[in-house]
Chemist: 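Attaching a single structure in structure tokens format; questions to follow.
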Amino acid sequence: MLRLYHILLAAIVLMVLTPFGIKHVLSNLSLNQKTPSTTPTRIQSAQTTATNTQSEGNIWKNVLGKTAAPLGWTVDACEGNAPLLCVSSNGKVLGTVEMTVYPLEKEPNFQKILANSGIPVDAKVDYQNPKYQTELASALQLWVSDHYGALEKDRRDEYRDRTVFSPKPLQTVEVGKLKGMRYGFTGLKKQGGVHEDHLGYVAFDGKALYVITTSFDRASATGNFKQLENFSAFEPFLSPTVKSLNLPK
């Protein structure tokens, strides 16, 4: 009889404590879970709204022509599938140039820009026809203008009152056999010095936008140089390399 009393007492105690135990365990599990990061992605030199569908490996391997670089430097497609061009000296990679391809059907904003520039969005249109070159140049200028606006807005919170966003003058350039635009911007520290420096090229072949970018920007993972002097030394040589590209494919 005594043993039965002890068993009943233990059962009652267990029933009372069990909810507390479950609650305690669940509370610990909740405290140990990590909160997902909500840090916004910084806008780089290509539009974040575009979709990169390049899946054929490193595109530089297919389109790279003659290259130009400072004496003793080499320029070649990087190993792997990332769309990067490696700029090296003495076997050490000093920086990279990135090429991103944006199919027209994935770019409703650029379709509107083309239409507003007087160019019909039609697969049968020969966009390289001389009669469309003025309108196409206007469309690319509008694309860059929109891009500058997004970049300046993105940098406003980052720069605060310490750095000035300074766009570079637009230049009409040749991207292979395509007419394109050279653009860029610099983040100038008010107390002197360069916070970041970006250079880009954009061209359109009727099917896709080709965006080529590089920079001096310690916050960028790709398409950048970590040393300003290396970026500055290579910058004048990028236009001849871009001009020699085998585009359109």
Chemist: Tell me the closest heavy-atom pair linking Leu64 and Leu85, and the distance in Å.
Modeler: CD2-CD1, 3.8 Å

Chemist: Can you name the closest pair of heavy atoms from Ala77 and Asn58 and give their distance?
Modeler: CB-ND2, 3.9 Å

Chemist: Applying ring-ring contact (aromatic ring centres under 6.0 Å, His included) to Phe165 and Phe185, what does each step give before you reach the verdict?
Modeler: CA-CA 7 Å; Phe165 180 89; Phe185 74 93; 4.8 Å; yes

Chemist: With sequence neighbours excluded, tell me which residues meet side chain to side chain contact (heavy atoms under 4.5 Å, CB included) with Pro240.
Modeler: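 So Pro240 forms a side chain to side chain contact (heavy atoms under 4.5 Å, CB included) with Ala68.
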
Chemist: Quick one, Phe237 and Val87 - any side-chain contact, counting heavy atoms below 4.5 Å?
Modeler: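 When only atoms from C-beta onward are counted, Val87 and Phe237 do not touch, as no gap falls below 4.5 Å.
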
Chemist: Taking Ser215 for the side chain and Gly223 for the main chain, is one N or O donor matched with an acceptor at less than 3.5 Å?
Modeler: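 Such a contact is found between Ser215 side chain and Gly223 backbone.
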
Chemist: Under 3.5 Å, is there a donor-acceptor pair between the side chain of Arg155 and the main chain of Glu152?
Modeler: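 Side chain of Arg155 to backbone of Glu152, a donor-acceptor pair under 3.5 Å: no, none is there.
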
Chemist: Might you work through the side chain to side chain contact (heavy atoms under 4.5 Å, CB included) test for Gln171 and Met181, ending with a clear yes or no?
Modeler: CA-CA 6 Å; Gln171 295 180 13; Met181 291 289 166; over 6 Å; no

Chemist: What's the shortest heavy-atom distance between Ala139 and Ile113, and which atoms?
Modeler: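 In terms of heavy atoms, the two residues are closest at O-CG2, 3.3 Å.
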
Chemist: If I compare all heavy atoms of Thr96 with all of Cys86, which pair ends up nearest, and what's the gap?
Modeler: CG2-SG, 4.3 Å

Chemist: Compare every heavy atom of Ser220 with every heavy atom of Asp217, then report the nearest pair and how far apart it is.
Modeler: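 What the structure gives for the nearest pair is OD2-OG, 2.8 Å.
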
Chemist: Measuring only between side-chain heavy atoms, which start at C-beta, is Leu238 closer than 4.5 Å to Tyr201?
Modeler: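 Yes; the side chains approach each other to less than 4.5 Å.
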
Chemist: What's the verdict on side chain to side chain contact (heavy atoms under 4.5 Å, CB included) for Val173 and Lys243, showing C-alpha distance, side-chain angles and the deciding distance?
Modeler: CA-CA 8 Å; Val173 296; Lys243 183 178 180 180; over 6 Å; no

Chemist: Say whether, by atom type as modelled, one donor and one acceptor occur between the side chain of Trp60 and the main chain of Asp76 under 3.5 angstrom.
Modeler: no

Chemist: Hey, mind stepping through Ile119 and Leu136 against side chain to side chain contact (heavy atoms under 4.5 Å, CB included) and telling me if it holds?
Modeler: CA-CA 7 Å; Ile119 302 179; Leu136 183 55; 4.0 Å; yes

Chemist: Please step through ring-ring contact (aromatic ring centres under 6.0 Å, His included) for the pair Tyr102 and Phe110, ending with a clear verdict.
Modeler: CA-CA 10 Å; Tyr102 300 92; Phe110 190 63; over 10 Å; no

Chemist: Taking C-beta and beyond as the side chain, do Leu104 and Leu114 meet within less than 4.5 Å on heavy atoms?
Modeler: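 Yes, at least one pair of side-chain atoms sits under 4.5 Å.
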
Chemist: Please examine the side chains of Phe231 and Leu199, heavy atoms only from C-beta on, and report whether any two atoms are closer than 4.5 Å.
Modeler: yes

Chemist: Mind checking whether Thr241 and Val97 have side chains closer than 4.5 Å, heavy atoms only?
Modeler: no

Chemist: Side chain to side chain contact (heavy atoms under 4.5 Å, CB included) between Tyr183 and His147: does it pass, once the steps are laid out?
Modeler: CA-CA 10 Å; Tyr183 63 96; His147 186 39; 3.6 Å; yes

Chemist: Determine the sole option in Lys189, His195, Glu196 for which the side-chain hydrogen bond (donor to acceptor under 3.5 Å, both in side chains) test with Tyr159 is passed.
Modeler: Glu196

Chemist: Does a side-chain heavy-atom distance below 4.5 Å link Lys249 with Val63?
Modeler: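 Yes, close enough: below the 4.5 Å cut-off.
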
Chemist: Can you give me the closest heavy-atom contact between Asp161 and Lys190, atom names plus distance?
Modeler: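 Closest pair (atom of Asp161, atom of Lys190, distance): O-CD, 3.1 Å.
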
Chemist: Within the 4.5 Å heavy-atom criterion, are Gln227 and Leu94 side-chain neighbours or not?
Modeler: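 In short, these two side chains do not touch, never coming nearer than 4.5 Å.
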
Chemist: Counting N and O atoms only, with roles assigned by atom type, does the side chain of Asn90 sit under 3.5 Å from a partner on the main chain of Lys92, one being a donor and the other an acceptor?
Modeler: no

Chemist: Output the distance between atom CG (Asn81) and atom NZ (Lys61), rounded to the nearest 0.5 Å.
Modeler: 6.5 Å

Chemist: For the pair Trp73 and Phe234, name the ring-plane relationship: parallel under 30°, tilted 30 to 60°, perpendicular over 60°.
Modeler: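 Rings of Trp73 and Phe234: parallel, as their planes differ by under 30°.
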
Chemist: Got a sec, which pairs hit salt bridge (charged side-chain N to carboxylate O under 4.0 Å, His left out) with one end in residues 226-237, sequence neighbours left out?
Modeler: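 For residues 226-237, and leaving out neighbouring residues, the salt bridge (charged side-chain N to carboxylate O under 4.0 Å, His left out) pairs sorted by first residue read Lys168-Glu235, Arg182-Glu235.
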
Chemist: Under a 4.5 Å cut-off applied to non-hydrogen side-chain atoms, are Val175 and Ile212 in contact?
Modeler: yes

